[in-house]
Amino acid sequence: MSKTTSKTGVKCHYCGNDCNETFIRFKDKYFCRHDCKDEFEKSLPSLTSLPKAESSCCCSSNEATNIKIEDPADQNKFNFLDDSEIRKKIVNQNRRYNGKNVTSVSLSIPGIHCTSCVGMLENIYRTNPGILSSKVEFLQKQIHIIFDSSVISLKEIVKVLSDAGYEAKIDLHKDNENSDKSKSSQKDLYIKIGVAGFCLGNIMLLSFPEYFSGENFTDNTLKTFFNYLNILLSLPVFFYCSSGYFKSAWSGLKQKVISIDIPISLGITALFVRSLYEIIFFNNAGYMDSMAGLVFFLLLGKLFQSKTYESLNFERDYRSYFPVSVTVIEDKIERSIPVANLRPGDRILIRNNEIVPADSILFGKTSSVDYSFVSGESIPELKVAGEIIYAGGRHLGSSIELEVIRTVSQSHLTKLWNDPAFKKNNTSKFSELTDFVSKYFTIAVLAIAVTAALYWLPDINKAVNVFTTVLIVACPCALALTTPFAFGNAQRILGRNKFYLKNSSVVENLANVNSIVFDKTGTLTNSKDLTVTYSGVSLSTEELAQIKTLVRNSSHPLSKNIYDFIDTDEYYEAEDFKESVGEGISCRINGNDLKLGSVRFIVKDPDCSFKDLKKEYTGNAVSSNVFLSVNDSVKGYFSFRNKYRNGIMRVIEDLSEKYKLTLLSGDNNSEKENLSKYFNNESSLLFNQSPQDKLNYIKHLQSNGDNILMIGDGLNDAGALKQSNTGITISEDITNFSPSCDAIAEASEFSKFGKFMEFSRSTMNIIRVSFVISFLYNVIGLYLASTGVFSPLVAAILMPLNSISIVIFVTIATNFSAKLKKL
Amino acid sequence: MSVIILLITVSIIVAGSFLIAFIWSVKTGQYEDKYTPSVRILLDDTEAGIKNKK
């Protein structure tokens, strides 16, 4: 009924957008994706089966062009889902209920991108009785399906989705547990804040009579009632809400690390025990309100700091991009096996747009391989039979056969992940600065408390009083609140500028950097925009217009660049258009045979007459040059160079004043002269670096005591990004692709990068200033305590004042510094 | 004066029930996905959809 074909220049019948590369033919009309076809189908009277979604079709989004629609004829594609081992890994839950095998599964669907997608996907239960319900999580681009596995299999569900135009991305290595864990810890935090807020409010209200009437509050029944109610309300705060601090203080002590959790725990315990003592023995008002307030603010800080970007993923490795299974040909029988089971010598079949999972040798036909995932290089490389295709390349063209020469984990690119750099897990919860300060702070506070207690020692009552008062006054709430609010706010400000941090402590890492390492292709250069130059016999405007006509019909990225390069609006009638995948295009215009393509396509014998061109095409960039011939005589060739990103050179010049800059490129050194102007010296420009070389170079720099920031984009930078102290990925489309890193920068805003670095440094200065302020509060508090003025009322004023003023100061100061830098 | 004690007890019980309602809403995952429901409400309910939800 419908079929997917490849051709361009066709407009979608439903939404009117250009159909890129793939489109669907249905009832003699063309559609750019399945939704459009379905929407059209709905508008036909008898066929209607799905509900009318919004009239805004998915195609209106630019992203639509990036979504690949697989040929539905590939029936075997999902066969691996029948494998019970794989199925077990994907399915979340399976139980019997009402005679049905109720199974739930969560699938990631990158194709979800507009509201009508939600409508479509939440109504798929109507297409098959086996699907009981489905729920979409829009930002995570996930769908949760509950189905009856005795009626419909997982494979069929994936197929239903795929037929609707929503290819499920099946990733066995996705750590479901990890995301569940963070979800449940987030829930935990919400509940703790709710409970602490509830208790704080009530305790405050019950403490008001004591504050305002002071000595005159003599009604003993009421006083006792209020005090005991306060104890009751503070129990959940002490035992439940603050349990996290006690736990981490204890585990820190066991590892002999003094963290800020220790003075916090001491402060909370001192407040609680002292209050119990005061209430039970003297019926005095305790400090329960201060304790609840402290815990509540601390938890709020935690919430503020825990900002995460749900739609971004910072933890991906190569396995997220590689296929789960691959088609193996054995005795002319095709079957799919998990990629991990591939052995050298296996024959595999790779279809158009599939990724080659392991280093292998090409058989038979030619292939053009797109390594943009790996290196950021957007020009596909042409490979002929007998050449090695490295793992990670995306094959473009008709299906090819390959022989595997190395297993997946030992391939050229993927063996990078065996490096110990990927084993380490460097996550510290609080910032290094806070930990450093709190170490001395804790020791100082304990020393003061013990000395003061010793001073009063014969009088045990007084000694205990002084000891607890010091602990209460010196509780580092301001210290503990400063970093979460400063970092959290800085992260939000950077996020508004399309610079997304994995977590807020990356701000501190950025501020500590003293050396920056860049990747070239895809990072300094823009992978989508190429500079085209033509060399050879000069062409007339008529010929140029003919070439433009020729490339207009092709969807190859280079054709599009040539199309943009030629500035004319004239077109001719083209006959006999032919496109040989990976080789070139040809057509006949006004009786002239035009050919455009690789050397091999144009010049059948590379040793033929065209002597002066030959030198050029034996050079380095030969694979990316496009040759032109008219009536079989070679006219010249188009060559392509990556363009540098707008404003990137200014960023580098600015940065070179403050940082050591290095360039690590996997390419040849043709750009060396051009770049050495911007980098401090030539020795910091390194070319022809393999992924492992990049990682090792970062290690080498670190052994000199440098704090490295690596900026890269492709999988070949993954090792360097991981090894460096801070790794930043730069991406055209942030939701699409990024290797694991600490921050993702959107390419369009990258010219502001120097400002981001300055801003993170000034954030650290703001934190230092607020530390000083909070010390001043502590000094005042200790002074009041030592002169004996410290009462519940003073505590009730001083402690929240301290916390709130610090939070306000930090928030205003970071916003102000962002404004100054025009962020 | 005892009426204040009674009033405070009752008010804390009322407030506590709201706290319990909050805890229930967190536990049932109402804060997990804060975006999709805003999209979902714009889509028309179909008869079959309503039946399915029941």
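Reminder, nothing fancy here: chain letters follow the sequence lines and each chain counts from 1.
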For atom CZ of F18(B), is the number of surrounding heavy atoms from other residues, nucleotides or ligands below 6.0 Å larger than 12?
-> no
So how far is it from C199(A) SG to L19(B) CG, rounded to the nearest 0.5 Å?
-> 7.5 Å
To the nearest 0.5 Å, how far apart are NZ in K192(A) and CD1 in I23(B)?
-> 12.5 Å
Using non-hydrogen atoms and a 4.5 Å limit, figure out which bit of Q186(A) sits close to chain B: side chain, backbone, both or neither.
-> neither
Take atom NZ of K135(A) as the centre, draw a 6.0 Å sphere, and report whether it contains more than 12 heavy atoms from other residues, nucleotides or ligands.
-> no
Quick one: pull up CD in Q30(B) and OH in Y190(A) and give me the separation to the nearest 0.5 Å.
-> 12.5 Å
Which answer fits L229(A), side chain, backbone, both or neither, if we ask what part of it has an atom under 4.5 Å from a heavy atom of chain B?
-> side chain
Considering only heavy atoms, which portion of F198(A) lies under 4.5 Å from any heavy atom of chain B: side chain, backbone, both, or neither?
-> side chain
Straight-line distance of L189(A) CG to Y31(B) OH, nearest 0.5 Å | 13.0 Å
Value for CG (L222(A)) from CD1 (I5(B)), rounded to nearest 0.5 Å, stands at 5.5 Å
Rounded to the nearest 0.5 Å, what's the gap from CD1 on I8(B) to CZ on F225(A)? Could you check?
-> 5.5 Å
R40(B) side chain vs V136(A) backbone, donor-acceptor pair below 3.5 Å | yes
Chain B interface, residue from L205(A), L233(A), D188(A), I191(A) that has the most non-hydrogen pairs under 4.5 Å | I191(A)
